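The shown structure was predicted, so the numbers you read here are calculated from the model rather than taken from an experiment. Lettering follows sequence order; numbering is per chain, from 1. Atoms considered below: every heavy atom in the structure, side chains included; atoms not considered: hydrogens, waters and symmetry mates.
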2 protein chains.
Amino acid sequence: MAQIKNNYQFEDMLQKHNLKKTGPRLRVLSMMYSKNTATSQPDLESVMNDIDRVTLYRILNVFEEKGIIHKVFDLNGTANYAVCHSNCQENHHHDEHLHFNCTACKNVYCLNELNMPRLNLPSGFEAQSFTLYASGLCPKCSKKQAAKVN
Amino acid sequence: MAQIKNNYQFEDMLQKHNLKKTGPRLRVLSMMYSKNTATSQPDLESVMNDIDRVTLYRILNVFEEKGIIHKVFDLNGTANYAVCHSNCQENHHHDEHLHFNCTACKNVYCLNELNMPRLNLPSGFEAQSFTLYASGLCPKCSKKQAAKVN
DNA sequence: TTACAAATGCAACAATATTGTATTTAGAAA
DNA sequence: TTTCTAAATACAATATTGTTGCATTTGTAA
């Protein structure tokens, strides 16, 4: 699931988007690519605690603008960030996949393989994009719970 | 769309949920039932500016617990509150409808008539609830835009 | 190596939300 | 009606999340 990439590939990614190769940016990239779930803003902040808070916000913002990551709010309204796997372009995301929010471990999974079902909205509504949220138990947590019961 | 209710009905609602009939609660109820869209927290706060901020938060929280209203985050992560039209019960909401966020007027519409499509998740994921978000132009704003073009 | 735009770090601030506690009030009981 | 009490409100303080402005540092092109 998690794409393993080395530092050279992250440097390439930055260069490709006309972003300077800086330590903070490379560390944020490497951290986010090492996980198969989205990372909440509070988590990011505590893990990247050597990077200035404001710098972190600005890094996340440019990455989002460039289509490198996308922001998703979990069920508590907390901002989460995940790498884009679909073909996102600058200022034009294609993140119409399912976001699964585990109620136990709080992780947010991007289920890219699940594309949106077709929907016909009430007349007058013109939808430009969709996002689907589900909450429940992720595979790990549902296993744990099953183990407890036995 | 907007359910017209009078003050006696709001008093009944409070009583039914074992909540004391107070001025602030009645005014919040009447305000929210007068609209067919969700209301953002900032809007609520400025409209209900005679009610203490903290009191407003606490009112919204008990209403949500009791299944009278539900909270929905818009595309900017801003909290919005809307009355529950489906049969929501205490601590057990049934708000699996589409939330439509207009990119022009920023309103959030609860499209209750649209029920969720069936989805089969990747194995291991056990979903307990779904929410669907769409963004684009609402009927009013798409009309306005059409008028501009002509 | 130099120069400069871009990125970072720091300070201040704004907006959103929570906790604790004193005061007030709705509604039950006398 | 009056009294009493738990619940609700108001107020103060604080926490969290996010933004803006500016000085300093740094990546990179010349």
Whole angstrom is fine here: how far is it from CD1 in B:Ile51 over to C1' in D:dC11? 16 Å
Will you find, in the side chains of B:Ser129 and A:Ser135, an N or O donor that is under 3.5 Å from an N or O acceptor? yes
Distance check needed: D:dA8 C1' versus B:Lys66 NZ, whole Å only. 14 Å
Find which nucleotide of DNA chain C each of B:Glu45 and A:Ile59 is nearest to by heavy atoms, and output the residue with the more 5' nucleotide. A:Ile59
If you measure from CG on A:Asn7 to OG on A:Ser30, what distance do you get to the nearest 0.5 Å? 7.0 Å
Between CZ of B:Arg27 and C1' of D:dT9 the distance, given in whole Å, is 12 Å
Between B:Tyr133 and A:Tyr133, is the ring pair (Phe, Tyr, Trp, His ring centres under 6.0 Å) condition met? List the steps. CA-CA 8 Å; B:Tyr133 285 82; A:Tyr133 284 83; 5.2 Å; yes
Specify the separation, in whole Å, of atom CD of B:Glu65 and atom P of D:dA8. 11 Å
Rounded to whole Å, how long is the line connecting atom CG of B:Asp52 with atom P of D:dA12? 10 Å
Expected list for residues 120-128 of chain A: side-chain donor-acceptor pairs under 3.5 angstrom, two or more places apart:
none

Please report the distance, rounded to the nearest Å, between CG in A:Asn18 and P in D:dG27. 17 Å
Holding to salt bridge (Lys or Arg N to Asp or Glu O under 4.0 Å), I want the full list of residues that pass it with B:Arg27, two or more places apart in sequence or in another chain. B:Asp50
Could you walk me through whether A:Gln9 and A:Tyr33 satisfy the side chain to side chain donor-acceptor pair (under 3.5 Å) test, starting with their C-alpha distance in whole Å, then the side-chain angles of each, then the deciding distance to 0.1 Å, before giving a yes or no? CA-CA 11 Å; A:Gln9 289 175 286; A:Tyr33 268 90; over 6 Å; no
Restricting to salt bridge (Lys or Arg N to Asp or Glu O under 4.0 Å), what partner residues turn up for A:Arg53, sequence neighbours left out? A:Glu45
Here the distance between atom P of D:dT19 and atom CG of A:Leu56, to the nearest Å, is 12 Å
Side-chain N or O of B:Thr55 closer than 4.0 Å to phosphate OP1/OP2 of D:dA8: no
With sugar-phosphate taken as primed atoms, P, OP1 and OP2 and all else as base, the protein-contact string of nucleotides 17-30 of chain C at under 4.0 Å (heavy atoms; B, S, -) is BBBBB----BS---
Between B:Thr78 and B:Ser40, do the side chains contain a donor N or O and an acceptor N or O under 3.5 Å apart? no
How long is the line joining CG of A:Asp50 and P of C:dC10, in whole Å? 12 Å
For B:Tyr81, ring pair (Phe, Tyr, Trp, His ring centres under 6.0 Å) partners two or more places apart: none
Describe, as an angle rounded to 10 degrees, how the axis at the first end of the helix from C:dT1-D:dA30 to C:dA30-D:dT1 is tilted relative to the axis at the last end, five pairs per end. 20°
